[in-house]
Student: 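I am attaching a structure below and will ask some questions about it afterwards.
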Amino acid sequence: MHGITLPQSGWLAAGFDKNARVPMALARMGFGHVECGTVTPRPQEGNPKPRLFRLSEDAAIINRMGFNGCGIDVFARRLERFRVLQAGRNATLRAVPIGANLGINKIGARPLEDYPFLASRVGPLADYITINLSSPNTPGLRDLQSAATLRDILQAITRANVTLPPLVVKLAPDLNPESLSDIVEAAVEGGAAGLIVNNTTISRPHSLRSSFAQETGGLSGRPLAQLSLQMLRQIVPLVQNRLAVISCGGIESGFDIFERLRAGADMVQVYSALIYHGPALVTRLKAELLKELYRAGFDSVSDLKSSTR
Ligand SMILES: Cc1cc2nc3c(=O)[nH]c(=O)nc-3n(C[C@H](O)[C@H](O)[C@H](O)COP(=O)(O)O)c2cc1C
């Protein structure tokens, strides 16, 4: 489908294993896919601490990490080592795809050169590449989501003539709904295989109760769920099955996954729920999703997916 293989419905979203330190441990936890990164061309410290806030009353997180990370050289070396390790493991672990999520440095960024450079470094090592244009904590990054710039970035990557796995573009939930159609067309024309809908939001729902609610940064977790579902419902009819759609934002139960799949998502990703519920989350989500599927009369995720086409 769309040049991207989606054998499992649940992925770990980017930002948890920013430096590709523990993809094997995460694969063992039962995630269908693991997305490492965001990785930038050069190492950088990220924003000063505190930069991460638990909004426990709201089952949410605000982060302004700012792409703290080891840079592409160390990241690529770790992925290389992971691949060797993975080749020697059992069939289940060998089958877990690894995504590499790419971003730009805060200082000295040249997106039209940086993204092709990063893609050339991880292209042979990753099962898919995510072009992150949507984190709110790198000045100017989200401006790259304009249709014209997105097309230019994707074309610069595909023209670089390097080994490339499928390319996925990660979008912000704060985009003007009227811009979505042009963005989808740019992604298709630029040769993308999928969209991740979505990253964290800079909006602050009135329902937030935590004293951290007005901290600067991207909000994730439960309060993002409705916004994320709404954006998914706007994007799916525009995509018309030309791109894989990966839904991300506020997913914390099997019912949430079922709802996203029914709304037209091909896959889902989670992050904040893992922070609140720990590794047992993965098994619970799978069991709950199965229950929801059976309750609705479907035998499998693909059975449900074929009913939404
Ligand atoms: C602490 C933290 C760090 C994150 N870092 C990244 C990142 O480096 N790159 C990225 O694309 N998304 C990053 N994200 C966003 C998540 O991948 C995800 O899109 C977002 O949190 C919404 O999903 P959730 O509500 O399940 O957490 C981060 C999220 C959190 C909470």
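Start at 1 and go down the list; that is how both ligands and their atoms are numbered. We count residues from 1, following the sequence as given. Bear in mind that the values here come from a model prediction, so they are computed numbers and not experimental data.
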Student: For ligand 1, which atoms sit closer than 4.0 Å to a heavy atom of Leu52?
Tutor: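 Taking each heavy atom of Leu52 in turn, ligand 1 has 1 (C) under 4.0 Å.
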
Student: Among Pro136, Ser203, Ser272, Pro205, which one satisfies side-chain contact (heavy atoms from CB on, under 4.5 Å) with Leu219?
Tutor: Pro205

Student: Can you pull out the closest protein heavy atom to atom 14 (N) of ligand 1? Residue, atom name and distance to 0.1 Å, please.
Tutor: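 Atom 14 (N) of ligand 1 sits closest to the protein heavy atom Ala14 O, 3.4 Å.
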
Student: Among all the protein's non-hydrogen atoms, which is closest to atom 26 (O) of ligand 1, and how far away is it?
Tutor: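 The answer is Tyr271 N, 3.1 Å.
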
Student: For side-chain hydrogen bond (donor to acceptor under 3.5 Å, both in side chains), just list the numbers for Ser134 and Asn199, CA-CA rounded to whole Å, side-chain angles, deciding distance to a tenth of an Å, and then say yes or no.
Tutor: CA-CA 6 Å; Ser134 48; Asn199 213 312; 3.0 Å; yes

Student: Looking at every heavy atom in both Ile251 and Ala273, which two are closest together, and how far apart are they?
Tutor: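 It is O-CB, 3.4 Å.
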
Student: Checking Ser135 against Asn132: is there a side-chain donor and acceptor pair closer than 3.5 Å?
Tutor: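 The answer is yes; a qualifying pair exists.
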
Student: Rounded to the nearest 0.5 Å, what's the gap from CD on Glu189 to CZ on Arg242? Could you check?
Tutor: 8.5 Å

Student: Need the ligand 1 atom indices (1-based, order shown) with element for anything under 4.0 Å from a heavy-atom of Ser272.
Tutor: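 Ligand 1 atoms under the 4.0 Å threshold to Ser272: 24 (P), 25 (O), 26 (O), 27 (O).
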
Student: Could you see which bit of Asn132 sits under 4.0 Å from ligand 1, with heavy atoms only: side chain, backbone, both or neither?
Tutor: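 For Asn132, the contact with ligand 1 is made by the side chain alone.
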
Student: Only heavy atoms count here, so choose which of Ile196, Asn63, Ile62, Thr38 is nearest to atom 30 (C) of ligand 1.
Tutor: Asn63

Student: Could you tell me, atom by atom, which parts of ligand 1 come under 4.0 Å of a heavy atom of Thr200?
Tutor: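 Here the atoms of ligand 1 in question are 15 (C), 20 (C), 21 (O).
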
Student: May I ask you to list the atoms of ligand 1 that are less than 4.0 angstrom from any heavy atom of Cys248?
Tutor: 18 (C), 19 (O), 22 (C), 23 (O)

Student: Heavy atoms only, cut-off 4.0 Å: how does Asn101 contact ligand 1, side chain, backbone, both, or neither?
Tutor: side chain

Student: Just let me know how Lys170 lines up against ligand 1, side chain, backbone, both or neither, with a heavy-atom cut-off below 4.0 Å.
Tutor: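 Side chain only.
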
Student: Below 4.0 Å from any atom of ligand 1, is there a heavy atom belonging to Ala273?
Tutor: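 No, Ala273 has no heavy atom closer than 4.0 Å to ligand 1.
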
Student: Is it the case that Gln86 and Arg83 place a side-chain donor and acceptor less than 3.5 Å from each other?
Tutor: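 Per modelled atom types, Gln86 and Arg83 side chains form a pair under 3.5 Å.
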
Student: Looking at the rings of Trp11 and Tyr271, which for Trp means the six-membered one, are their centres under 6.0 Å apart?
Tutor: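 Ring centres of Tyr271 and Trp11 not closer than 6.0 Å.
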
Student: Using a plain distance cutoff, I'd like to know if Gly221 has any nitrogen or oxygen under 3.5 Å from a nitrogen or oxygen of ligand 1.
Tutor: yes

Student: Kindly confirm or rule out an N or O of Asn198 lying under 3.5 angstrom from an N or O of ligand 1.
Tutor: yes

Student: Can you tell me the protein heavy atom closest to atom 8 (O) of ligand 1 and the distance?
Tutor: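 So the nearest neighbour among protein heavy atoms is Lys18 NZ, 2.9 Å.
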
Student: For atom 6 (C) of ligand 1, what is the nearest protein heavy atom, given as residue, atom name and distance?
Tutor: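 Answer for atom 6 (C) of ligand 1: Gly15 CA, 3.4 Å.
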
Student: For atom 15 (C) of ligand 1, what's the nearest protein heavy-atom neighbour? Residue, atom name and distance, please.
Tutor: Asn199 OD1, 3.4 Å

Student: For ligand 1, which atoms sit closer than 4.0 Å to a heavy atom of Val270?
Tutor: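 Per the distance check, 26 (O).
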
Student: Answer yes when Asp73 and Arg121 have at least one side-chain N-carboxylate O distance shorter than 4.0 Å, and no when they do not.
Tutor: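 Salt bridge flag = yes for Arg121 with Asp73.
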
Student: Looking at Gly250, which atoms of ligand 1 are within less than 4.0 Å of one of its heavy atoms?
Tutor: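 What qualifies from ligand 1 is 24 (P), 25 (O), 26 (O).
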
Student: Distance to 0.1 Å, residue and atom name: give those for the protein heavy atom nearest to atom 21 (O) of ligand 1.
Tutor: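 Looking at atom 21 (O) of ligand 1, the protein heavy atom closest to it is Ser220 CB, 3.2 Å.
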
Student: Could you tell me whether Arg159 and Asp152 make a salt bridge, using a distance below 4.0 angstrom between a side-chain N and a carboxylate O?
Tutor: no

Student: Run the numbers for me: atoms of ligand 1, each under 4.0 Å from some heavy atom of Gly249, listed by number.
Tutor: 22 (C), 23 (O), 25 (O)

Student: Side chains of Thr130 and Glu35 only: does a donor on one sit below 3.5 Å from an acceptor on the other?
Tutor: yes

Student: Within 45° of the axis and under 6.0 Å from the centre of the six-membered ring of Tyr276, does NZ or CZ of Arg54 qualify?
Tutor: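 The answer is yes, since Arg54 meets both limits relative to Tyr276.
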
Student: Give the minimum heavy-atom separation between Ala100 and Val122, together with the two atoms involved.
Tutor: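 For Ala100 and Val122, the tightest heavy-atom pair comes out as CB-CG2, 3.9 Å.
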
